[in-house]
Every structure is written in structure tokens, then in C-alpha cells.
Amino acid sequence: MKPPAIAIDGPAASGKSTVAKLVAQELGYTFINTGAMYRAIAWYLAQQGVSPAQREEITEMLPNMPLDFGKDGASSAVLCDGKRLRSELTEPVVNDSVSLIAAIPEVRAFLLHKQREYNESEAVVMEGRDIGTVVFPDTPFKYFVTASEEVRAARRAAQGLTDSISERDKNDRERACAPLARATDARVIDTSDMTIEQVVAEIVDDIKDKTQVQV
Ligand code: DC
């Protein structure tokens with residue numbers, strides 16, 4: 001039987017990364033940050049001077065990019081020429097271009113395959129925008145984590161980041177291919193007035209309830 005996949009989706013700065021990481025820790029599953037995968041491609045293309053509008057060039061480049069989507073301990077990690085990408089992934093050029101890169105269907109198809117591969121041999125908690133709708137549509141464990149725009153903007157500022165999350169969310173919601181959307185069978189959690197611990201507990205309890213029912 002395929003190992004379980006926990007899908008956590010939501011808009012930017014909704015707290016889903018922090019929550020997903022803690023849920024993974026608590027369950028002993030691998031945490032996969034799919035935003036980092038799109039960001040790595042956006043960063044690499046910016047290094048090469050390729051703009052998000054150059055769809056054909058990007059499609060041709062995809063299989064030959066020196067990027068590796070692997071793991072570091074119990075979390076996903078992206079490497080370029082063998083070096084782990086970290087601060088590169090939140091550079092302004094990446095924040096500005098990533099939602100345009102993520103709207104390219106060929107980029108999404110390329111990463112979809114890699115995202116599903118992570119779950120072939122191990123249980124994962126995967127966070128992103130289309131995990132419950134496209135990557136793992138059959139998983140019974142889907143959560144849509146959200147928060148008010150004010151709370152999200154404040155969280156972003158507290159991280160020292162000033163990118164326009166509302167513009168990025170608009171792009172992510174309005175793209176034709178695998179837009180940011182709540183799966184109809186996802187449990188919605190508005191984290192505006194919740195602590196991280198409360199959100200994690202709600203998800204872990206729900207997974208445990210569902211797992212008992214399935215056994
Ligand atoms: O989660 P994040 O903010 O690091 O994601 C960066 C961008 O990548 C975001 O603007 C939308 C895109 N993305 C996506 O389209 N699909 C995903 N599963 C994850 C991220």
C-alpha cells in the first residue's frame with residue numbers, strides 16, 4: 001500500500017509551512033516544501049537571464065537544469081550544482097517572478113512528477129497550493145490553511161520580507177493550470193486567531209481520527 005500523504009494548501013504567509021513542518025515532526029513523516037521547488041527554478045532562470053515570458057526556452061531548459069530535488073534529514077532540500085539553496089530562494093528577484101514561473105504548465109508538469117516521487121517510498125506532509133487538488137487528489141488528508149489578509153501581511157513583515165503577497169496570491173488564484181484552490185473535501189482552518197500549536201493539534205487529531213476509522 002502507498003504510504004500516506006498529508007496535503008496542506010493555502011495562500012502565502014498563512015502559516016502553512018510552519019504548521020506542515022511541525023505536523024511532519026509529530027507524525028515522523030517527511031516534510032516537503034513545494035514552494036521551494038518553484039522558487040529554485042525561478043532563481044535558476046533569473047541567474048541565466050531568462051524571463052518568465054520565455055516559455056519555450058524554459059520548457060527546453062527544464063530537463064537539463066543542474067537542480068536536484070532531494071532531502072536533508074526529514075525535510076525536502078533543493079540543490080544547485082550540489083550546493084543547497086537557502087537564502088537564494090527568498091531573493092527579491094525570486095519573490096517577483098515565482099508566481100509567473102509557477103503558472104507555466106510545463107514547469108508544473110515537471111515538478112508534479114518529482115513531488116509524487118517523494119511519496120512513493122515514504123509518508124509525507126506536503127505543503128503548497130495544489131497538493132489536495134492536483135498532486136494527491138485521492139488522499140483523505142487535506143487541509144486548507146488560511147488567515148485574514150492583515151494577519152498574513154503582518155506575519156510576512158515579522159519575517160523581514162516585504163514582497164507583495166496579495167499580488168502573488170492573485171496570480172496563483174487566477175492562473176489556468178492548477179490554481180491555488182481549496183479542494184472541496186479539504187478541511188478549512190482559519191489560523192487568524194489561533195496559535196501554531198492549536199493548528200498543529202487540529203490537523204494531527206483529524207489525521208488520527210481518520211486513520212482509526214480506516215483501520
Ligand atoms: O509557498 P511559497 O510562497 O514559497 O510559494 C512560492 C510560489 O510558488 C507561490 O507564489 C506559488 C507557487 N507554488 C505553486 O504554484 N504551487 C505549489 N504547490 C507551491 C507553490
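First listed ligand is number 1; within each ligand, the first listed atom is number 1. Starting from 1, each residue takes its place in the sequence as its number.
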Would you call Lys142 and Asp9 a salt bridge, using N to O less than 4.0 angstrom?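 So Lys142 does not pair with Asp9 through a salt bridge.
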
I need the contact residues for ligand 1: any residue with a non-hydrogen atom closer than 4.0 Å to the ligand, ordered by chain then number.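 Within 4.0 Å of ligand 1, the protein residues are Lys16, Thr34, Gly35, Tyr38, Arg39, Val98, Ser99, Ala102, Arg108, Gly128, Arg129, Asp130, Ile131, Arg168, Asp172, Arg175.
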
Beyond-backbone contact of Glu197 with Glu202, side-chain heavy atoms, under 4.5 angstrom: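 With C-beta onward as the side chain, the pair stays apart.
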
If we only count heavy atoms from C-beta on, is the Leu45 to Pro52 side-chain gap below 4.5 Å?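 When only atoms from C-beta onward are counted, Pro52 and Leu45 do not touch, as no gap falls below 4.5 Å.
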
Does anything in residues 15-32 form a salt bridge (charged side-chain N to carboxylate O under 4.0 Å, His left out)? List the pairs, not counting sequence neighbours.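 Every pair satisfying salt bridge (charged side-chain N to carboxylate O under 4.0 Å, His left out) with a residue in residues 15-32: Lys16-Glu127.
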
Glu88 and side-chain hydrogen bond (donor to acceptor under 3.5 Å, both in side chains): which single residue from Arg39, Lys83, Gln47 fits?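 When Arg39, Lys83, Gln47 are each tested with Glu88, the side-chain hydrogen bond (donor to acceptor under 3.5 Å, both in side chains) holds only for Lys83.
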
Do Lys114 and Tyr118 form a cation-pi contact, if we require the NZ or CZ to be under 6.0 Å from the six-membered ring centre and within 45 degrees of the ring's axis?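 No.
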
